[in-house]
Number of protein chains: 2
Amino acid sequence: MLKISKKADYALMALQHIASVQFGDITPGRVVNTKEIAEEYNIPLELLAKVLQILSKNGMIESHNGPKGGYLLARSARQITIAQILGSIEGPLGLTDCSHEKEGEFCMQREHCNIRTPLLKIQDSIYQLLNNMTLEDMMGGTPLITIQSSTAQGVER
Amino acid sequence: MLKISKKADYALMALQHIASVQFGDITPGRVVNTKEIAEEYNIPLELLAKVLQILSKNGMIESHNGPKGGYLLARSARQITIAQILGSIEGPLGLTDCSHEKEGEFCMQREHCNIRTPLLKIQDSIYQLLNNMTLEDMMGGTPLITIQSSTAQGVER
DNA sequence: CTTTATCCGACCATATTGATCGGAGATCAT
DNA sequence: ATGATCTCCGATCAATATGGTCGGATAAAG
């Protein structure tokens with residue numbers, strides 16, 4: 001239950017990769033193209049391209065066209081939250097359909113619905129969780145280049 | 001994003017209803033049949049029946065067959081968590097496919113996956129959230145029978 | 001024993017997701 | 001300046017999952 005889509009999955013991987021290249025110690029500021037990411041993580045190229053398009057459209061990354069082009073983080077990794085990323089791909093968080101009911105839509109159960117309030121509460125808690133975790137926070141998990149002392153704390157394996 | 005299925009939605013409504021009848025002030029201990037719930041909340045009868053079957057199979061409710069039969073909570077409302085209910089209908093919580101990888105399954109991205117650890121962390125937080133909230137906690141939201149004084153507090157409308 | 005209401009399995013339609021294809025626009029090299 | 005290449009971008013197709021439906025089997029009440 002509560003699975004996230006593959007697209008969202010790919011989006012997270014891609015952003016993590018872009019961030020780690022951009023702010024890494026080896027080639028800081030380098031742009032990353034779609035093909036590089038697709039091959040690194042075995043993601044279907046065209047699908048990943050589409051995902052990156054969406055992220056670009058939603059202001060998560062900047063696109064640079066033409067040869068030697070690619071993508072760049074639009075903001076710092078600290079300012080991009082998981083909620084924003086997932087929201088860009090899958091739309092706003094909503095456990096139920098009635099979470100963000102548009103005008104003219106009706107919920108058949110609404111009249112006597114007995115679970116709306118508590119579900120909205122849960123939803124809000126999840127949102128806070130996702131919105132408090134940033135892309136930067138995700139980079140500690142599986143360090144590509146950062147060297148950690150043997151007494152490092154706060155990171156579980 | 002992170003929508004729960006209609007089935008799960010119906011399950012929550014049904015259980016809330018059963019609990020409120022069973023422990024309510026009017027007809028305590030009464031059994032509730034599928035039709036009653038379906039009509040009350042405008043849920044397709046056959047689909048709801050299926051949902052209740054699953055809940056019964058998973059030990060959430062007891063089924064009493066034959067005329068005047070129906071369903072009864074298998075445990076007290078305080079011992080049934082939201083996580084259990086959702087899990088019964090939609091399977092175990094798992095943001096990604098690799099959350100509960102079975103033997104012989106492979107994740108193409110696994111080799112260089114950079115988001116597994118942080119996602120599992122988020123997943124665990126969500127699980128605790130869902131597992132700490134019980135069916136009983138859900139019953140305060142929209143009281144059906146309880147009479148409230150005009151100075152009632154702690155309940156939002 | 002008949003009736004009634006539930007349980008239970010298999011089945012179909014639709015919506016969402018995963019994945020793919022071909023073209024448009026921009027940059028670099030000549 | 002012009003062509004070639006590489007990227008972005010929009011529309012399209014297939015697979016899967018979900019929502020919803022239908023029939024019979026089973027067990028209890030009258």
Side-chain angles (χ1 to χ4, degrees), chain A residues 1-11 13-14 18 30-39 41-72 74 86 88-91 94-97 105 107-109, chain B residues 1-14 18 30-39 41-72 74 86 89-91 94-97 105 107-109:
Chain A
M1 63 172 170
L2 293 183
K3 254 192 297 195
I4 64 178
S5 66
K6 291 262 168 133
K7 284 189 211 168
D9 218 20
Y10 297 157
M13 288 190 222
I18 294 174
R30 200 188 100 223
V31 291
V32 181
N33 64 11
T34 309
K35 197 175 177 185
E36 173 183 335
I37 304 175
E39 288 176 352
Y41 300 100
N42 291 304
I43 302 175
L45 177 65
E46 304 297 340
L47 182 54
L48 177 61
K50 196 177 183 178
V51 169
L52 293 176
Q53 288 167 28
I54 299 175
L55 290 177
S56 166
K57 210 168 194 172
N58 284 84
M60 302 283 119
I61 52 181
E62 275 181 21
S63 72
H64 286 247
N65 208 341
K68 300 208 55 172
Y71 290 96
L72 224 67
L86 296 183
S88 292
I89 303 295
E90 301 192 344
L95 291 183
T96 67
D97 291 337
E105 279 183 341
C107 170
M108 273 288 118
Q109 287 80 38
Chain B
M1 61 174 171
L2 293 182
K3 253 193 296 193
I4 64 178
S5 67
K6 293 260 177 174
K7 285 188 211 169
D9 218 20
Y10 297 157
L12 290 172
M13 287 190 223
I18 294 173
R30 199 188 99 220
V31 291
V32 181
N33 64 11
T34 309
K35 197 176 177 185
E36 174 183 335
I37 303 176
E39 288 176 351
Y41 300 100
N42 291 304
I43 303 175
L45 178 65
E46 304 297 340
L47 182 55
L48 177 61
K50 197 177 185 177
V51 169
L52 292 175
Q53 287 168 29
I54 300 175
L55 290 176
S56 165
K57 211 167 194 171
N58 285 84
M60 303 283 119
I61 53 181
E62 274 180 22
S63 72
H64 285 245
N65 208 339
K68 299 209 55 172
Y71 291 97
L72 226 65
L86 296 182
I89 303 295
E90 301 191 347
L95 291 182
T96 67
D97 292 336
E105 278 184 339
C107 170
M108 273 288 120
Q109 288 80 38

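A note on names: the letters A, B, ... follow the listed sequences, proteins ahead of strands, and every chain is numbered from 1. FYI, side chains are in, hydrogens and waters are out, and symmetry mates aren't considered; it's all heavy atoms of this structure. Everything numeric here is computed off the predicted structure, so don't read it as measured data.
Residues A:L72 and A:I18 form no side-chain contact, since every pair of their non-hydrogen atoms from C-beta on lies 4.5 Å or further apart.
For A:S88, the side chain to side chain contact (heavy atoms under 4.5 Å, CB included) test picks out A:L55, A:N58, A:M60, with sequence neighbours left out. B:K35 is linked by a side chain to side chain contact (heavy atoms under 4.5 Å, CB included) to B:N33, B:E39, B:L45, counting only residues two or more places apart in sequence or in another chain. Residues meeting the side-chain hydrogen bond (donor to acceptor under 3.5 Å, both in side chains) test with B:S63, sequence neighbours left out: none. Qualifying side-chain hydrogen bond (donor to acceptor under 3.5 Å, both in side chains) partners for B:S56, counting only residues two or more places apart in sequence or in other chains: none. Applying the side chain to side chain contact (heavy atoms under 4.5 Å, CB included) rule to A:N65 yields no partners; only residues at least two apart in sequence or on another chain are considered.
When all heavy atoms of A:A14 and A:L52 are compared, the closest pair comes out as CB-CD2, 4.0 Å. Annotation for B:M1 and A:L86: closest pair SD-CB, 3.2 Å, computed over non-hydrogen atoms.
Put simply, CD1 on A:I89 is 14 Å from P on C:dA19, counting in whole angstrom units.
Taking CG of B:L47 as the reference point, atom OG1 of B:T34 lies at 11.5 Å (rounded to 0.5 Å). If you take CG on A:L48 and CD1 on A:I43, they are separated by 5.0 Å, rounding to the nearest 0.5 Å. Residue A:Y71 holds its OH atom at 12.0 Å from CD of A:E62, rounded to the nearest 0.5 Å.
Put simply, chain A comes within 4.0 Å of DNA chain D, heavy atom to any atom, from D:dT5 to D:dT12, going 5' to 3'.
Taking every heavy atom of residues 3-11 of chain A and every atom of DNA chain D, no pair lies under 4.0 Å. Residues from residues 44-55 of chain A that place a heavy atom under 4.0 Å from any atom of DNA chain C, listed by number: A:P44, A:E46, A:L47, A:K50.
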Give me the distances for all protein-to-nucleotides 3-6 of chain C N/O pairs that come in under 3.5 Å?
from: C:dT6; atom 1: OP1; to: B:N33; atom 2: ND2; distance (Å): 2.8

Which pairs would a plain distance check flag for residues 5-12 of chain B, meaning a side-chain donor or acceptor within less than 3.5 Å of a matching protein atom at least two apart in sequence or in another chain?
from: B:S5; atom 1: OG; to: B:A8; atom 2: N; distance (Å): 3.3
from: B:S5; atom 1: OG; to: B:E90; atom 2: OE2; distance (Å): 2.6
from: B:K6; atom 1: NZ; to: A:D97; atom 2: OD2; distance (Å): 3.1

